[in-house]
There are 2 protein chains.
Amino acid sequence: MCINGGAIIDFDRSPDGWVANHPGEIRQIAAHNHLFFEGDARNSLYIIESGWAKLYRTLVDGQRQVVGFCSAGSIMGLEGAAGHANGCEAVTALKVRAIPVKRLAEICARDPQLAVQLIGQVGNQLGAAQAQLTSVGAHSADQKLATFLLAVADVSQGRDAEFDLPMRRSEMAEFLGLRFETVSRKMSDFQRRKWIKMISMYHFRLLNRSALECLAEGGVVEEAGYAMLAA
Amino acid sequence: MCINGGAIIDFDRSPDGWVANHPGEIRQIAAHNHLFFEGDARNSLYIIESGWAKLYRTLVDGQRQVVGFCSAGSIMGLEGAAGHANGCEAVTALKVRAIPVKRLAEICARDPQLAVQLIGQVGNQLGAAQAQLTSVGAHSADQKLATFLLAVADVSQGRDAEFDLPMRRSEMAEFLGLRFETVSRKMSDFQRRKWIKMISMYHFRLLNRSALECLAEGGVVEEAGYAMLAA
DNA sequence: CGTTAACTTGAGGGCCTTCAAGCTGTGTGG
DNA sequence: CCACACAGCTTGAAGGCCCTCAAGTTAACG
């Protein structure tokens with residue numbers, strides 16, 4: 001899994017109710033707007049209530065690397081010390097809970113179990129980042145895309161094997177360490193091989209999950225005669 | 001910076017001395033031996049006292065991805081939930097402090113400030129992993145190697161611009177998302193261009209730090225006539 | 001319905017990989 | 001102390017995968 005999300009921290013179970021009574025400010029961000037930029041003062045942490053966001057870094061030559069796609073339950077803003085090491089942009093309409101950094105100490109003091117949960121959640125994100133590092137560093141373009149689509153499907157919990165793919169081709173490319181043309185080509189390949197079907201530009205259906213899983217794990221999937229059709 | 005290390009957690013400053021009085025077991029590991037394997041039960045966290053370790057993942061096809069090189073101050077074992085998501089192998093002789101996972105809750109309860117420090121340290125490692133992801137995903141082989149050598153130099157704090165490079169070429173390659181032949185070639189390139197000098201196989205000197213810094217940031221460094229010599 | 005951004009698809013080239021051969025350096029046993 | 005063996009490193013040549021550049025198509029939005 002290369003996408004952050006899932007583990008919801010239970011902010012309502014603090015022993016004396018203090019944490020529950022200080023739930024932080026809820027903020028709404030429209031799609032493609034920024035929650036914070038690289039280098040911004042790190043005044044708050046953010047926990048996603050709903051929607052998708054991307055965390056990214058910009059290189060001096062203008063290239064960008066998306067370091068994570070985050071959905072409900074993800075904590076954003078713990079990386080880095082002084083300022084935000086990443087920029088954060090809403091991929092879809094986004095609802096987040098903002099928690100002032102200076103309140104972190106009080107939360108840990110009032111509710112040590114919550115502190116342990118927080119450490120666990122950051123640890124999960126670290127593990128996810130390492131998984132993504134493994135994919136970007138050691139996989140082919142096919143493997144990267146297969147892994148990514150499966151991860152999106154796992155997080156989305158769509159029905160009938162239909163899932164949202166809310167990000168642009170270029171954003172997927174910036175996440176996977178590819179160019180958007182390569183992503184586009186491979187998406188077309190996957191459709192030609194009947195592994196996926198694009199219902200619309202940002203909505204797909206898994207036709208052959210096991211083929212994708214096999215590919216994601218490094219296996220080579222035979223085309224079963226489609227090569228002849230293509231020729 | 002793409003290498004974990006540095007920030008030392010102050011385990012001696014707990015308010016009632018409890019944490020300081022439970023310093024955890026010190027363990028020594030010889031070079032190239034394992035501290036833990038992928039999938040091992042996650043009974044302890046480890047803080048490096050001295051030496052270098054690598055954290056890695058193995059793919060089904062036998063390829064490996066090194067997800068981090070860790071030196072003094074790094075905390076290892078926080079990623080993943082049930083078992084260790086990474087394997088950990090000593091690169092040099094290694095001294096670690098082992099802290100039972102089940103004691104984590106007690107530590108956080110006794111010393112909330114320490115909990116905040118721990119969250120910060122894991123956050124730093126997350127940031128480092130994201131930086132590495134950026135390097136592996138968006139940099140050329142030259143840029144990757146330049147960034148890596150500078151990071152090693154920063155952590156090593158050698159004198160006279162001489163630094164240890166304790167890992168093998170293949171381990172550097174597995175970290176940078178390259179093949180060891182490519183690393184070897186680029187190392188030779190860098191020497192030919194008089195940017196570094198290998199004192200011995202595992203010991204180098206920075207001859208032109210600014211050229212490496214320029215390259216690491218994406219600039220193209222002219223060869224100043226060395227191309228003619230090479231031809 | 002027009003404009004523009006995003007996407008698709010093709011052709012060609014470059015960077016890194018793959019495969020192969022030779023070299024270096026370290027440790028071990030005679 | 002030297003010879004040998006083997007793992008790690010270097011270097012070369014050829015090929016492949018992905019990138020770059022370019023043109024055309026589709027989707028989104030006012």
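Residue numbers begin at 1 in each chain, while the letters A, B, ... track the order of the sequences. Reckoned from all heavy atoms, side chains included, excluding hydrogens, waters and symmetry mates.
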Do Asn208(B) and Ser210(B) meet the criterion of a side-chain donor-acceptor pair at a distance under 3.5 Å? yes
Got Lys54(B) and Met167(B) here, is their nearest side-chain heavy-atom distance under 4.5 Å? no
Both Glu181(A) and Met187(B) contact DNA chain D. Which one's nearest nucleotide lies toward the 5' end? Met187(B)
Whichever of Thr182(A) and Phe180(B) has the more 5' nearest nucleotide on DNA chain D, that residue is Phe180(B)
Relative to each other, are the rings of His84(B) and Phe36(B) parallel, tilted or perpendicular (30° and 60° limits)? parallel
Would you say Gln130(A) and Asn86(B) are linked by a side-chain donor-acceptor pair, where the criterion is simply a distance under 3.5 Å? yes
Is it true that Glu171(B) and Arg169(B) make a salt bridge, defined as a side-chain N closer than 4.0 Å to a carboxylate O? no
For a quick check of understanding: with a heavy-atom distance under 4.0 Å over all strands, which category does Lys186(B) fall into, base, sugar-phosphate or nothing? sugar-phosphate
Report which part of the nucleic acid Ser200(A) touches: base, sugar-phosphate, or nothing (heavy-atom distance under 4.0 Å, all strands). nothing
Boundaries of the DNA chain D segment in contact with chain A, non-hydrogen, under 4.0 Å: dC18(D) to dA27(D)
Under 4.0 angstrom, heavy atoms only, what part of the nucleic acid is Ser188(B) near: base, sugar-phosphate, or nothing? sugar-phosphate
CD (Gln65(A)) and CG (Leu55(A)) are apart, to the nearest 0.5 Å, by 12.0 Å
Could you tell me whether Lys186(B) and Asp142(B) have a side-chain N and a carboxylate O separated by less than 4.0 Å? yes
Kindly compute the distance separating CG (Leu149(A)) from CG (Leu206(A)), expressed to the nearest 0.5 Å. 7.5 Å
Boundaries of the DNA chain C segment in contact with chain A, non-hydrogen, under 4.0 Å: dA6(C) to dA11(C)
